[in-house]
**Student:** 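Sharing a structure with you now.
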Amino acid sequence: MKEIRKIVEIGRIISNKELSADVNSLLLDCPKIASLAQPGQFVMIKNEMGSTYLRRPFGVADVNQESNSLLLIYRRAGKGTQELARLNTGADISVEGPLGNGFSFKDDGRTLLIGGGVGIAPLIYTARHFTEMMPDYKPVILLGVRNHKELFWSSFIEKYSERLVFTTDDGSYGRKGFAIDAIPDILREYPDIKHIKVCGPTIMMKGIAELAAKEGIECEVSLEKRMACGIGVCLGCTFAGKSGRRWKVCTDGPVFDGVEVFG
(Lines give C-alpha, C1' and ligand atoms only; values in the text may rest on other atoms or scores of the structure.)
Protein backbone atom coordinates (compact mmCIF):
# COMPACT_ATOMS: atom_id res chain seq x y z
CA MET A 1 0.00 0.00 0.00
CA LYS A 2 1.26 3.45 -0.86
CA GLU A 3 1.80 6.11 1.77
CA ILE A 4 -1.35 8.14 2.31
CA ARG A 5 -0.69 11.70 1.16
CA LYS A 6 -3.84 13.67 1.80
CA ILE A 7 -4.77 17.13 2.86
CA VAL A 8 -7.96 19.03 3.60
CA GLU A 9 -8.41 22.07 1.39
CA ILE A 10 -11.21 24.55 0.81
CA GLY A 11 -12.07 24.37 -2.88
CA ARG A 12 -13.87 27.32 -4.42
CA ILE A 13 -16.43 26.52 -7.12
CA ILE A 14 -15.42 27.75 -10.58
CA SER A 15 -18.46 26.18 -12.24
CA ASN A 16 -21.22 23.70 -11.38
CA LYS A 17 -22.79 22.82 -14.72
CA GLU A 18 -25.69 20.56 -15.62
CA LEU A 19 -24.57 18.05 -18.24
CA SER A 20 -27.79 16.06 -18.47
CA ALA A 21 -31.06 15.61 -16.64
CA ASP A 22 -29.26 14.11 -13.63
CA VAL A 23 -25.49 14.65 -14.07
CA ASN A 24 -23.37 17.70 -13.19
CA SER A 25 -19.73 18.68 -13.65
CA LEU A 26 -18.13 20.47 -10.70
CA LEU A 27 -14.95 22.45 -11.35
CA LEU A 28 -13.08 23.56 -8.23
CA ASP A 29 -10.17 25.88 -7.62
CA CYS A 30 -8.21 23.43 -5.47
CA PRO A 31 -4.47 23.91 -6.12
CA LYS A 32 -2.89 21.69 -3.47
CA ILE A 33 -4.97 18.61 -4.22
CA ALA A 34 -4.82 19.22 -7.97
CA SER A 35 -1.01 19.17 -7.77
CA LEU A 36 -1.00 15.76 -6.03
CA ALA A 37 -3.90 13.81 -7.56
CA GLN A 38 -3.12 10.79 -9.75
CA PRO A 39 -5.46 9.02 -12.22
CA GLY A 40 -7.84 6.69 -10.42
CA GLN A 41 -7.65 8.41 -7.05
CA PHE A 42 -10.63 10.02 -5.30
CA VAL A 43 -11.49 12.82 -2.90
CA MET A 44 -13.94 13.10 -0.02
CA ILE A 45 -15.98 16.28 -0.11
CA LYS A 46 -18.30 18.01 2.32
CA ASN A 47 -20.78 20.76 1.60
CA GLU A 48 -20.66 22.70 4.85
CA MET A 49 -23.98 24.37 3.96
CA GLY A 50 -25.69 21.03 3.32
CA SER A 51 -27.68 18.78 5.64
CA THR A 52 -25.54 15.64 5.32
CA TYR A 53 -23.00 14.94 8.05
CA LEU A 54 -20.43 12.64 6.45
CA ARG A 55 -18.09 13.39 3.57
CA ARG A 56 -18.89 11.77 0.23
CA PRO A 57 -16.36 10.09 -2.10
CA PHE A 58 -15.97 11.37 -5.68
CA GLY A 59 -13.54 10.02 -8.25
CA VAL A 60 -11.09 12.56 -9.68
CA ALA A 61 -12.33 13.19 -13.22
CA ASP A 62 -9.48 15.48 -14.25
CA VAL A 63 -6.99 18.05 -12.98
CA ASN A 64 -5.41 21.11 -14.52
CA GLN A 65 -2.27 22.08 -12.65
CA GLU A 66 -1.87 25.28 -14.68
CA SER A 67 -5.24 26.61 -13.53
CA ASN A 68 -5.09 24.78 -10.15
CA SER A 69 -8.45 23.17 -10.90
CA LEU A 70 -10.01 19.84 -9.97
CA LEU A 71 -12.89 18.38 -12.00
CA LEU A 72 -15.54 16.12 -10.47
CA ILE A 73 -18.54 14.68 -12.31
CA TYR A 74 -21.47 13.42 -10.25
CA ARG A 75 -25.00 12.12 -10.57
CA ARG A 76 -27.73 13.93 -8.68
CA ALA A 77 -28.96 10.78 -6.99
CA GLY A 78 -29.81 11.76 -3.42
CA LYS A 79 -30.28 14.60 -0.97
CA GLY A 80 -26.57 15.40 -0.66
CA THR A 81 -25.89 15.62 -4.38
CA GLN A 82 -29.12 17.56 -4.96
CA GLU A 83 -27.91 20.12 -2.42
CA LEU A 84 -24.47 20.14 -4.05
CA ALA A 85 -26.02 20.88 -7.44
CA ARG A 86 -27.63 24.03 -6.06
CA LEU A 87 -24.29 25.62 -5.14
CA ASN A 88 -23.16 28.47 -7.37
CA THR A 89 -19.84 29.85 -8.58
CA GLY A 90 -17.80 31.23 -5.69
CA ALA A 91 -19.19 28.87 -3.04
CA ASP A 92 -16.74 26.85 -0.96
CA ILE A 93 -16.47 23.06 -0.62
CA SER A 94 -14.27 21.21 1.87
CA VAL A 95 -12.15 18.70 -0.07
CA GLU A 96 -10.06 15.91 1.49
CA GLY A 97 -7.57 14.08 -0.67
CA PRO A 98 -6.18 12.84 -2.88
CA LEU A 99 -6.99 9.39 -1.51
CA GLY A 100 -6.45 5.79 -2.54
CA ASN A 101 -4.29 4.06 -5.11
CA GLY A 102 -5.07 4.63 -8.77
CA PHE A 103 -4.43 2.89 -12.07
CA SER A 104 -1.08 1.48 -13.17
CA PHE A 105 0.52 2.48 -16.45
CA LYS A 106 2.57 0.13 -18.64
CA ASP A 107 4.07 0.73 -22.07
CA ASP A 108 4.05 -2.87 -23.34
CA GLY A 109 0.92 -2.52 -25.47
CA ARG A 110 -2.30 -0.62 -25.93
CA THR A 111 -4.89 -0.20 -23.18
CA LEU A 112 -8.66 -0.49 -23.47
CA LEU A 113 -10.48 1.83 -21.07
CA ILE A 114 -14.09 0.89 -20.31
CA GLY A 115 -16.57 2.97 -18.35
CA GLY A 116 -20.23 2.81 -17.46
CA GLY A 117 -22.46 5.51 -15.97
CA VAL A 118 -20.66 8.05 -13.80
CA GLY A 119 -17.89 5.46 -13.51
CA ILE A 120 -16.71 7.03 -16.76
CA ALA A 121 -15.50 10.10 -14.86
CA PRO A 122 -12.16 8.73 -13.52
CA LEU A 123 -11.26 7.53 -17.02
CA ILE A 124 -10.93 11.09 -18.33
CA TYR A 125 -7.77 11.86 -16.36
CA THR A 126 -6.56 8.30 -16.93
CA ALA A 127 -6.95 8.64 -20.72
CA ARG A 128 -5.18 12.00 -20.75
CA HIS A 129 -2.31 10.57 -18.73
CA PHE A 130 -1.92 7.67 -21.18
CA THR A 131 -1.92 10.06 -24.14
CA GLU A 132 0.72 12.28 -22.58
CA MET A 133 2.93 9.35 -21.54
CA MET A 134 2.50 7.13 -24.61
CA PRO A 135 1.28 9.15 -27.61
CA ASP A 136 1.94 6.18 -29.94
CA TYR A 137 -0.38 3.99 -27.85
CA LYS A 138 -3.39 6.20 -27.21
CA PRO A 139 -6.07 4.12 -25.46
CA VAL A 140 -9.15 2.72 -27.13
CA ILE A 141 -12.13 3.85 -25.07
CA LEU A 142 -15.45 2.03 -24.71
CA LEU A 143 -18.31 3.76 -22.91
CA GLY A 144 -21.61 2.17 -21.97
CA VAL A 145 -24.45 4.66 -21.38
CA ARG A 146 -28.22 4.54 -21.16
CA ASN A 147 -29.09 6.58 -24.25
CA HIS A 148 -28.00 9.34 -26.63
CA LYS A 149 -28.64 11.99 -23.96
CA GLU A 150 -25.43 10.85 -22.21
CA LEU A 151 -23.10 11.49 -25.14
CA PHE A 152 -21.72 14.56 -23.35
CA TRP A 153 -18.88 12.31 -22.16
CA SER A 154 -17.29 12.53 -25.60
CA SER A 155 -16.49 16.23 -25.11
CA PHE A 156 -14.31 15.32 -22.13
CA ILE A 157 -12.58 12.17 -23.35
CA GLU A 158 -12.63 11.70 -27.13
CA LYS A 159 -9.51 13.82 -27.74
CA TYR A 160 -7.47 11.36 -25.69
CA SER A 161 -8.62 8.23 -27.53
CA GLU A 162 -7.35 6.24 -30.49
CA ARG A 163 -10.99 5.36 -30.99
CA LEU A 164 -14.10 6.09 -28.94
CA VAL A 165 -16.92 3.51 -29.00
CA PHE A 166 -20.34 4.00 -27.43
CA THR A 167 -22.93 1.39 -26.56
CA THR A 168 -26.41 2.47 -25.48
CA ASP A 169 -28.97 0.43 -23.60
CA ASP A 170 -31.76 1.54 -25.93
CA GLY A 171 -29.81 1.61 -29.19
CA SER A 172 -30.35 5.35 -29.67
CA TYR A 173 -26.64 5.81 -30.52
CA GLY A 174 -23.77 3.51 -31.40
CA ARG A 175 -24.16 -0.17 -30.71
CA LYS A 176 -27.28 -1.35 -28.89
CA GLY A 177 -26.52 -3.36 -25.79
CA PHE A 178 -23.94 -3.32 -23.04
CA ALA A 179 -20.25 -2.41 -23.12
CA ILE A 180 -19.14 -6.03 -22.79
CA ASP A 181 -20.92 -6.88 -26.06
CA ALA A 182 -18.55 -4.65 -28.03
CA ILE A 183 -15.30 -6.01 -26.57
CA PRO A 184 -14.73 -9.00 -28.92
CA ASP A 185 -14.93 -6.78 -32.01
CA ILE A 186 -12.57 -4.24 -30.45
CA LEU A 187 -10.02 -6.92 -29.57
CA ARG A 188 -10.10 -8.22 -33.14
CA GLU A 189 -9.55 -4.71 -34.50
CA TYR A 190 -6.81 -3.88 -31.99
CA PRO A 191 -4.81 -7.07 -31.30
CA ASP A 192 -2.15 -4.96 -29.54
CA ILE A 193 -4.46 -4.39 -26.54
CA LYS A 194 -2.67 -5.86 -23.52
CA HIS A 195 -4.47 -4.14 -20.66
CA ILE A 196 -8.06 -3.34 -19.73
CA LYS A 197 -9.08 -0.81 -17.10
CA VAL A 198 -12.72 -0.53 -16.14
CA CYS A 199 -14.89 1.58 -13.86
CA GLY A 200 -18.65 1.33 -13.57
CA PRO A 201 -21.44 -0.85 -12.14
CA THR A 202 -20.24 -3.97 -10.34
CA ILE A 203 -22.07 -6.38 -12.65
CA MET A 204 -20.43 -4.76 -15.67
CA MET A 205 -16.96 -4.91 -14.15
CA LYS A 206 -17.42 -8.56 -13.14
CA GLY A 207 -18.34 -9.65 -16.65
CA ILE A 208 -15.47 -7.71 -18.21
CA ALA A 209 -12.93 -8.99 -15.68
CA GLU A 210 -13.99 -12.57 -16.40
CA LEU A 211 -13.76 -12.01 -20.16
CA ALA A 212 -10.32 -10.42 -19.79
CA ALA A 213 -9.09 -13.39 -17.75
CA LYS A 214 -10.24 -15.81 -20.48
CA GLU A 215 -8.41 -13.73 -23.10
CA GLY A 216 -5.25 -13.53 -20.99
CA ILE A 217 -5.47 -9.74 -20.76
CA GLU A 218 -4.51 -7.92 -17.58
CA CYS A 219 -7.53 -6.16 -16.09
CA GLU A 220 -7.81 -3.52 -13.38
CA VAL A 221 -11.17 -2.57 -11.87
CA SER A 222 -12.04 0.55 -9.89
CA LEU A 223 -14.50 -0.24 -7.12
CA GLU A 224 -17.17 2.01 -5.71
CA LYS A 225 -18.12 1.46 -2.07
CA ARG A 226 -19.92 3.49 0.55
CA MET A 227 -17.33 4.86 2.97
CA ALA A 228 -17.38 7.16 5.97
CA CYS A 229 -13.73 8.06 6.49
CA GLY A 230 -11.75 7.38 3.30
CA ILE A 231 -8.57 6.61 5.24
CA GLY A 232 -9.05 3.01 6.40
CA VAL A 233 -10.33 3.66 9.92
CA CYS A 234 -14.07 2.95 9.78
CA LEU A 235 -13.76 -0.39 7.89
CA GLY A 236 -17.02 0.31 6.12
CA CYS A 237 -15.62 -0.39 2.65
CA THR A 238 -13.85 -3.71 3.17
CA PHE A 239 -14.28 -6.83 1.04
CA ALA A 240 -12.78 -10.30 0.90
CA GLY A 241 -10.56 -10.90 -2.12
CA LYS A 242 -10.24 -14.23 -3.90
CA SER A 243 -6.82 -14.69 -2.28
CA GLY A 244 -8.47 -14.67 1.14
CA ARG A 245 -7.10 -11.28 2.09
CA ARG A 246 -9.50 -8.64 3.32
CA TRP A 247 -9.04 -5.35 1.47
CA LYS A 248 -10.02 -1.76 2.21
CA VAL A 249 -11.32 -0.04 -0.91
CA CYS A 250 -10.33 3.41 0.36
CA THR A 251 -6.66 2.76 1.13
CA ASP A 252 -5.78 -0.46 -0.75
CA GLY A 253 -7.82 0.62 -3.77
CA PRO A 254 -10.08 1.79 -5.23
CA VAL A 255 -8.21 0.12 -8.12
CA PHE A 256 -7.60 -3.64 -7.84
CA ASP A 257 -6.62 -6.52 -10.06
CA GLY A 258 -9.79 -7.91 -11.59
CA VAL A 259 -8.88 -11.51 -10.77
CA GLU A 260 -8.48 -10.68 -7.07
CA VAL A 261 -11.93 -9.10 -6.96
CA PHE A 262 -13.96 -11.35 -9.23
CA GLY A 263 -11.88 -14.50 -9.63
Side-chain angles (χ1 to χ4, degrees), residues 39-40 59 100-127 129-131 133-134 136-146 150 153 157 160-171 173-225 237-249 252-263:
N101 296 308
F103 292 108
S104 64
F105 295 88
K106 299 178 181 179
D107 60 1
D108 59 342
R110 197 180 302 277
T111 294
L112 172 60
L113 300 179
I114 308 174
V118 289
I120 296 169
L123 300 184
I124 299 169
Y125 189 21
T126 304
H129 196 72
F130 266 114
T131 300
M133 285 182 57
M134 295 169 277
D136 294 333
Y137 279 100
K138 292 174 69 173
V140 176
I141 301 175
L142 170 60
L143 305 181
V145 298
R146 291 180 294 189
E150 297 189 355
W153 293 105
I157 204 168
Y160 305 128
S161 68
E162 174 68 22
R163 183 183 172 199
L164 176 60
V165 178
F166 273 99
T167 64
T168 52
D169 295 351
D170 64 358
Y173 185 85
R175 177 170 181 158
K176 183 177 181 179
F178 303 115
I180 193 171
D181 300 326
I183 295 176
D185 288 343
I186 291 174
L187 294 181
R188 280 191 290 270
E189 185 174 351
Y190 295 93
D192 58 344
I193 289 175
K194 303 297 182 185
H195 311 280
I196 293 176
K197 302 184 188 303
V198 56
C199 184
T202 299
I203 190 169
M204 181 190 84
M205 293 195 293
K206 181 177 186 297
I208 292 171
E210 292 172 346
L211 186 153
K214 290 179 182 178
E215 296 291 335
I217 299 174
E218 179 189 68
C219 180
E220 288 184 327
V221 297
S222 180
L223 302 186
E224 293 184 1
K225 284 275 190 176
C237 64
T238 61
F239 74 96
K242 298 303 179 180
S243 65
R245 175 175 171 178
R246 193 146 196 94
W247 300 92
K248 301 174 185 177
V249 171
D252 297 318
V255 176
F256 295 91
D257 178 79
V259 174
E260 174 64 7
V261 179
F262 298 112

**Student:** Determine the minimum heavy-atom distance between Cys199 and Pro122, stating which atoms define it.
**Tutor:** SG-CG, 4.1 Å
**Student:** Tell me, which pairs form a ring-ring contact (aromatic ring centres under 6.0 Å, His included) where one or both residues lie in residues 173-219, sequence neighbours left out?
**Tutor:** Phe166-Tyr173
**Student:** Looking at Asp108 and Lys194, does any basic side-chain N land under 4.0 Å from a carboxylate oxygen?
**Tutor:** no
**Student:** Are Val140 and Arg110 packed together at the side-chain level, in the sense that at least one heavy-atom pair is separated by less than 4.5 angstrom?
**Tutor:** yes
**Student:** When rounded to the nearest 0.5 angstrom, what is the spacing between CG in Leu112 and CZ in Arg163?
**Tutor:** 11.0 Å
**Student:** A side-chain contact here means heavy atoms from C-beta on lying under 4.5 Å apart; do Trp247 and Val261 qualify?
**Tutor:** no
**Student:** What I'd like to find out is whether the side chain of Ser243 reaches to under 4.5 Å of the side chain of Glu260, using heavy atoms alone.
**Tutor:** yes
**Student:** For the residue pair Val165 and Asp185, establish whether any side-chain heavy-atom pair is separated by less than 4.5 Å.
**Tutor:** no
**Student:** With side chain to side chain contact (heavy atoms under 4.5 Å, CB included) as the test, pick out the partner of Lys197 among Cys219, Ser104, Pro39.
**Tutor:** Ser104
**Student:** Could you state the interatomic distance from CG (Leu142) to CD1 (Ile208), rounded to the nearest 0.5 Å?
**Tutor:** 7.0 Å
**Student:** Locate the shortest heavy-atom distance separating Tyr137 from Gly109; write the atom from each residue and the value.
**Tutor:** CD2-C, 3.8 Å
**Student:** Could you check whether Lys214 pairs with Glu210 (Lys NZ or Arg NE/NH1/NH2 to Asp/Glu carboxylate O, under 4.0 Å)?
**Tutor:** no
**Student:** For Lys225 versus Val249, what's the shortest heavy-atom pair and its separation?
**Tutor:** CG-CG2, 3.5 Å
**Student:** Considering all heavy atoms of both residues, which atom of Tyr160 and which atom of Thr131 are nearest to each other, and what is their separation?
**Tutor:** O-OG1, 2.9 Å
**Student:** Identify the two heavy atoms, one from Thr167 and one from Ala179, that lie closest to each other, and give their separation to 0.1 Å.
**Tutor:** OG1-N, 3.3 Å
**Student:** Is there a side-chain contact (heavy atoms from CB on, under 4.5 Å) between Met205 and Leu223 once you walk through the steps?
**Tutor:** CA-CA 9 Å; Met205 293 195 293; Leu223 302 186; 3.8 Å; yes
**Student:** Answer yes or no: is there a side-chain heavy-atom contact under 4.5 Å between Leu123 and Trp153?
**Tutor:** no
**Student:** Can you tell me how far the CD1 atom of Ile196 sits from the CD1 atom of Ile186, to the nearest 0.5 Å?
**Tutor:** 9.0 Å
**Student:** With a 4.5 Å heavy-atom cut-off, do Ile120 and Val145 have their side chains touching?
**Tutor:** yes
**Student:** Hey, could you give me the NE2/CE distance between His129 and Met134, rounded to the nearest 0.5 Å?
**Tutor:** 7.5 Å
**Student:** Give, for atom CZ of Arg246 and atom OG1 of Thr238, the distance between the pair rounded to the nearest 0.5 Å.
**Tutor:** 4.0 Å
**Student:** Could you check if a side-chain atom of Ile157 sits within less than 4.5 angstrom of a side-chain atom of Leu143, using non-hydrogen atoms only?
**Tutor:** yes
**Student:** At their closest point, which heavy atom of Asp252 faces which heavy atom of Asn101, and how far apart are they?
**Tutor:** O-ND2, 3.5 Å
**Student:** Going by the rule ring-ring contact (aromatic ring centres under 6.0 Å, His included), which residues pair with Phe130 if we only count those two or more places apart in sequence or in a different chain?
**Tutor:** Phe105
**Student:** Calculate, to the nearest 0.5 Å, the distance between atoms CZ and CG belonging to Phe103 and Leu113 respectively.
**Tutor:** 7.5 Å
